[in-house]
Amino acid sequence: MRKNKHQRPIGIFDSGVGGLSVLREIQGGYPAENLIYIADQAHVPYGNRSRYEVLGYSEGITRYLLGREAKLIVVACNTASAVGLTELRKKFPDLPFVGLEPAVKPAAENTSSGVVGVLATPATFQGELYASTVERFARGVKILQDTCPGLVDQIEESKIDHPETREILEKALKPMLEAGVDEIVMGCTHYPFVIPLIREIVGNQIRVIDPAPAIARQTGRLLEQFDLKTAGDNAGETRFLTTGDPIKMERQLTDLIKLETGVSKLIWDGGILRDG
Ligand code: DGL
């Protein structure tokens, strides 16, 4: 039976568990909404993959979510947004999308030192979206970038408070500190999970920007704009699916967002996503 449009779920996806940093904000802000979260862990990390690959995965996931009657899609991945958001909007013109881009604008507006640090994946830095954001909003601001090699993998392994994770972050952040950054942008949705460690390294004087609350608010605005909001008395349900190992993801949900729940398996079948 088709659900009425308000009850239809919001689809949220990422290469892995990074998008959970966005999901928890959406759950908190809009608890009545039904959510479907897809982690494409068969392909994580996306950050070193080609544009062609990431586009294909993003499209396959979007088609699957449409099959589940998604009313709106949150691309909870900077990499997939950088590579594919424009294409996705063209391919699915009737479907509202919320995408992510590194929060360079608020950082550039706020900086007193004129030096801003951005942590994101190689694919995000190479995308046109990032270049145009820097060009439009950060003229005259010095931007220091780092791809934090290996950090996504550490977070996927739940190695949050871990010597190797600290080493990766110190390597990225120390040169930024020496250059006088006062704003650090989390340009990858995995990275907010290591903000406590980042704080230990940079102290409390520097602003660390996690875009998730702003993304949740933008999701709410689109729900209003397209008249898609679920009635407030609904107890929203969230379903989790992975193209990787469901048992592993169940552990990750407990480790990262303190949630004990089941995860279902999805299988890639020649570019098409099917229930496993
Ligand atoms: N969490 C993603 C992002 O925001 C993807 C990281 C990756 O898979 O490389 O960029």
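Both counts, for ligands and for their atoms, begin at 1 and track the order of listing.
- With a 4.0 Å heavy-atom cut-off, ligand 1 is reached by the backbone of Asn78 and by its side chain too.
- For His190, a nitrogen or oxygen atom sits less than 3.5 Å from a nitrogen or oxygen atom of ligand 1, counting backbone and side chain alike.
- Among protein heavy atoms, the minimum distance from atom 7 (C) of ligand 1 is reached at Tyr46 N, 3.3 Å.
- For the side-chain contact (heavy atoms from CB on, under 4.5 Å) with Leu197, the lone residue among Leu169, Leu173, Val202 that qualifies is Leu169.
- Counting only N and O atoms by type, the side chains of Gln154 and Thr165 include a donor and acceptor under 3.5 Å apart.
- Of all protein heavy atoms, the one lying nearest to atom 9 (O) of ligand 1 is Gly47 N, 2.7 Å.
- The Thr121 neighbourhood of ligand 1 comprises atoms 6 (C), 9 (O), 10 (O), with distances under 4.0 Å to a heavy atom of that residue.
- In summary, Lys159 and Asp255 do not engage in a salt bridge, as defined by a charged side-chain N under 4.0 Å from a carboxylate O.
- The ring of Tyr37 has its center no closer than 6.0 angstrom to the ring center of Phe13.
- When non-hydrogen atoms are compared, ligand 1 lies under 4.0 Å from the side chain of Asp14 (C-beta onward) but not from its backbone.
- Contacts with ligand 1 closer than 4.0 Å are made by heavy atoms of both the backbone and the side chain of Cys188.
- Taking 4.0 Å as the cut-off, Gly16 does not count as a neighbour of ligand 1 on heavy-atom distance.
- When only interatomic distances are considered, the shortest N/O to N/O separation between Thr124 and ligand 1 does not fall below 3.5 Å.
- Near Ser15, meaning under 4.0 Å from one of its heavy atoms, ligand 1 places the atoms 5 (C), 6 (C), 7 (C), 8 (O).
- Of the N and O atoms on the side chains of His162 and Glu157, not one donor lies less than 3.5 Å from an acceptor on the other residue.
- Here the heavy atom of the protein found nearest to atom 10 (O) of ligand 1 is Thr79 OG1, 2.6 Å.
- When only modelled atom types and interatomic distance are considered, Tyr46 and Asp40 share a side-chain donor-acceptor pair under 3.5 Å.
- Within the 4.0 Å heavy-atom criterion, both parts of Thr189, backbone and side chain, lie near ligand 1.
- Ion pairing between a basic and an acidic side chain is recognised when a charged N comes within 4.0 Å of a carboxylate O; Arg51 and Glu128 show no such pairing.
- For Glu200, the CD atom sits in a packed shell: over 12 heavy atoms of surrounding residues, nucleotides or ligands are nearer than 6.0 Å.
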